[in-house]
Amino acid sequence: MQYWSQTYIPTLKESPAEAEIESHKLLLRAGLVRRIGGGLYAYLPLGKRTLDKVAQICREEMNAAGAIELLMPAVLPADQWKAGPRWNAVREVMYEVSSASAQAKESEDGPQYVLGPTHEEIITPLIGSEISSYRDMGKTFYQIQTKFRNEIRPRYGLMRAREFIMKDGYSFDLDDENAEETYRRMAQAYEKFFARCGLNFISVEADTGIMGGSFSHEYMVPAEVGDDDVVYCEESGYAANVEKATSGLPPSDFQDAAPAAELEEFETPGAVTIAALAKEPYGIQAEDQFKTLIYIGDGKPFALVLRGCDELEEAKLGALGYELVRPATPSEIEPLMGARPGSLGLVKGTIAQRDKLDGIYADETIRLVGNGVTGANKDGYHMRNVNVERDLDIDSFGDFRRVKAGEPCPNSGKPLKIARAIEVGHIFKLGTKFSENDSWGAKYHDANKETKPAVMGCYGIGVSRTLQAIIEQSRDDFGIVWPWNVAPYHVVVTVLDPDMDEAMELAGRIAEAVETEGADTLIDDRDERPGVKFKDADLIGIPLRITIGGRGLKEGIVEMKWRDSKDVAKIPIEKVESVVTSKIQNRSSG
RNA sequence: CGGGGCGUAGCUUAGCCUGGUAGAGCGCCUGGUUUGGGACCAGGAGGUCGUUGGUUCGAAUCCAAUCGCCCCGACCA
């Protein structure tokens, strides 16, 4: 048990200006965290307690799923990253660490150390050097640790911070089959973990991004303030991150629209946007236009074509196999194509330097366009009656467009919905991307003495982000409404007259009884007015409040109120210990 | 990195446009009256007005630079 006067819970009546969203305001107002710098937070005692609760539940579920906890350093040798497959891609989000004496050397060779943003590059050679027999395969290791990522724009408090707490796990299996079994087991552990945190969440198909690997799922908490868009269908259960989502457009049996008219060039002075061509005097619907985009992949330009009405989903460019991809600049585009952006097209024979293009990729849905319009690679000119097979110079087709709400679900055909969500977990089946490396990978000898790479998976949970996601989802006008399992204290005994020995003794007895049930108790013994105590108890969101007041004592009762209910129960003092403990048993088991 | 906004006491902010040397509420300290949903009275402490430079007799106020924070975008393992 803890006396309020002995701990430190600095609640605020007003929200500091730094906070924009409700969960961030409540983190500050309830005295859980304070900002130290941009994207950097100190956990005050109440925040630390809650963070520990979330981490402990995570630990329990990982252990229950057979994972083994370890702890790796946060300061990592840069050489180990440089030897890995994604140094260049990941470097810009990494903090570099240098000692004063090493700085001169580092300026030439890059940093000597980095702060760990994740640990594949560390655990793979670690386990690789430890394990060499197939008998030792089938292990999953995890740690709960501070991670560092130089977010371009930290925001929303703990939601996207430069330093955050993460549970990262890594599995090493004999083969694909075993790896997929591990993946399923971790997925189940994730479901249990988020459920125990009291979260409403969904798992969605996700893009593997820079991590690579064969497939992945994200755990998403629906919330307006989320950073991700989730595409879903209630009918079929289909759910995917918009980066990954596909729709039933185009239909699987569709055919190219038939060419019907002669290709011709026409003047379009000043019209350099899809919208401009859609207006008079041209009146060409966006659906009937081709959108041509030039990107640079690992230094090599390539072209993309989509329907004018569609947006490129950049994450889908990952399928093209480049390590670093960025949009080309106008000065790169003009000599290549022969025109500035706005007049670009991919009609055969019109591209100034076709041989410089590393590839021309088309979204499948452009096949729906017949007699379309595209740029002529000549400023101020477009071409009409453009047809896909006949006229466009395409190397391959793929899925590059971003799905829009209302499009048919790929499984059920019903309209897809889109919702904002917070990503709180992400699991990947990695395959052998890391383990197969000859010099530092993780390989084992099988029963036939053959050397094989371990089939890996990796599993992340944003522990500190989960904490804030819980608040975002579990609050009301008065403050946080903690789910039982993650509440910093389960019960607050609000003593309205702490000067009365009788009241304080009763509070102590109740707290002792409650703690034997495993419930953490906070006794509000402060010399404050009742209103202040009630407001603070609501703000910090303790699930159960027992109020002891002089008035009630005269009647021989105390009051019991759940944070998520308006009802106040009056309980005779002689029964209070048994009543409260039985209520707690119900709540903590349910 | 591009666009926008904001930096005045621990927190929320007024004052800035139209220059004359800083005010309020909350919080904090002292005393008193209060005591079941953020009390009241009296007194008090606390601010190099983000920083630096410039204009001016005089700068929180005007100008410039810089730093920091917030929002939108880009980015996001």
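Letters A, B, ... are given to chains in the order of the sequence lines, protein chains preceding strands, and every chain is numbered from 1. Values in this document were obtained by computation on a predicted structure and should not be read as measured data.
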Starting at [atom1] of [X] and ending at [atom2] of [N], how long is that distance when rounded to a whole Å?
| X | N | atom1 | atom2 | result |
| --- | --- | --- | --- | --- |
| A:E243 | B:A74 | CD | C1' | 14 Å |
| A:L317 | B:C75 | CG | P | 10 Å |
| A:K566 | B:G37 | NZ | P | 16 Å |
| A:E151 | B:C70 | CD | C1' | 16 Å |
| A:R526 | B:G27 | CZ | C1' | 13 Å |
| A:E14 | B:G27 | CD | P | 10 Å |
| A:R162 | B:C69 | CZ | P | 7 Å |
| A:Y8 | B:C28 | OH | C1' | 11 Å |

Counterpart base for [N], defined by Watson-Crick or G-U wobble contacts under 3.5 Å:
| N | result |
| --- | --- |
| B:C6 | B:G68 |
| B:G23 | B:U13 |
| B:G43 | B:C29 |
| B:G73 | B:C1 |
| B:U48 | none |
| B:U34 | none |

A:Q473 and A:I422, any side-chain heavy atoms less than 4.5 Å apart: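 No, their side chains stay 4.5 Å or more apart.
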Between [Y] and [X], does any NZ, NE, NH1 or NH2 come within less than 4.0 Å of an OD or OE carboxylate oxygen?
| X | Y | value |
| --- | --- | --- |
| A:D298 | A:K300 | no |
| A:R545 | A:E559 | no |
| A:K316 | A:D207 | no |
| A:D536 | A:K533 | no |
| A:R86 | A:E120 | yes |

Taking the [atom1] atom of each, how far is [N] from [M], in whole Å?
| N | M | atom1 | answer |
| --- | --- | --- | --- |
| B:C29 | B:A45 | C1' | 7 Å |
| B:A60 | B:U52 | C1' | 16 Å |
| B:A65 | B:G27 | C1' | 36 Å |
| B:C1 | B:A59 | C1' | 34 Å |
| B:U30 | B:A22 | P | 29 Å |
| B:G53 | B:C75 | P | 41 Å |
| B:G15 | B:A9 | C1' | 15 Å |
| B:C17 | B:C26 | P | 29 Å |

Of the listed nucleotides ([options]), which one gets closest to any side-chain atom of [X]?
| X | options | result |
| --- | --- | --- |
| A:T11 | B:G38, B:G36, B:C76 | B:G38 |
| A:E314 | B:G27, B:G36, B:C75 | B:C75 |
| A:R35 | B:G37, B:C69, B:C11 | B:C69 |
| A:K13 | B:G27, B:G36, B:U12 | B:G27 |

Centroid separation A:Y142 to A:Y459 less than 6.0 Å: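 Distance test on ring centres: not under 6.0 Å, no.
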Of A:F478 and A:A17, the one whose closest RNA chain B nucleotide lies more 5':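 Nearest nucleotide further toward 5': that of A:A17.
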5'-most by nearest nucleotide on RNA chain B - A:L12 or A:G37: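 Taking each residue's closest nucleotide, the earlier one in sequence belongs to A:L12.
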What distance separates [X] [atom1] from [Y] [atom2], expressed to the nearest 0.5 Å?
| X | Y | atom1 | atom2 | value |
| --- | --- | --- | --- | --- |
| A:Q2 | A:I9 | CD | CD1 | 7.5 Å |
| A:M62 | A:I68 | CE | CD1 | 12.5 Å |
| A:M159 | A:Q468 | CE | CD | 4.0 Å |

Test log, rule side chain to side chain contact (heavy atoms under 4.5 Å, CB included), inputs A:Y489 and A:T521: CA-CA 5 Å; A:Y489 296 95; A:T521 310; 5.8 Å; no
For RNA chain B, the residues among residues 152-161 of chain A that have a non-hydrogen atom under 4.0 Å from it: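 The stretch gives A:I152, A:R153, A:R155, A:Y156, A:R160 as the residues lying under 4.0 Å from the strand, ordered by number.
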Residues from residues 531-542 of chain A lying under 4.0 Å of RNA chain B - heavy atoms: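 When residues 531-542 of chain A is checked for heavy atoms under 4.0 Å from RNA chain B, the hits, listed by number, are A:G531, A:V532, A:F534, A:K535, A:D536, A:D538, A:L539.
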Between A:T246 and A:D399, a side-chain donor and acceptor under 3.5 Å: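 No, no side-chain donor-acceptor contact under 3.5 Å.
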Please tabulate the protein-to-nucleotide N/O contacts below 3.5 Å involving nucleotides 32-35 of chain B, giving atom names and distances.
residue	atom	partner	partner atom	Å
B:U34	O2	A:R529	NH1	2.8

Over 60° means perpendicular and under 30° means parallel, so tell me whether [X] and [Y] are parallel, tilted or perpendicular.
| X | Y | value |
| --- | --- | --- |
| A:Y219 | A:F201 | tilted |
| A:F194 | A:Y190 | perpendicular |
| A:Y183 | A:H217 | tilted |

B:G36 base / A:R545 side chain donor-acceptor hit below 3.5 Å: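 No, the side chain and the base share no sub-3.5 Å donor-acceptor pair.
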Identify whether any heavy atom of [X] sits under 4.0 Å from a base atom; if not, whether one sits that close to sugar-phosphate; answer base, sugar-phosphate or nothing.
| X | result |
| --- | --- |
| A:R29 | base |
| A:P117 | base |
| A:G460 | nothing |
| A:G38 | sugar-phosphate |

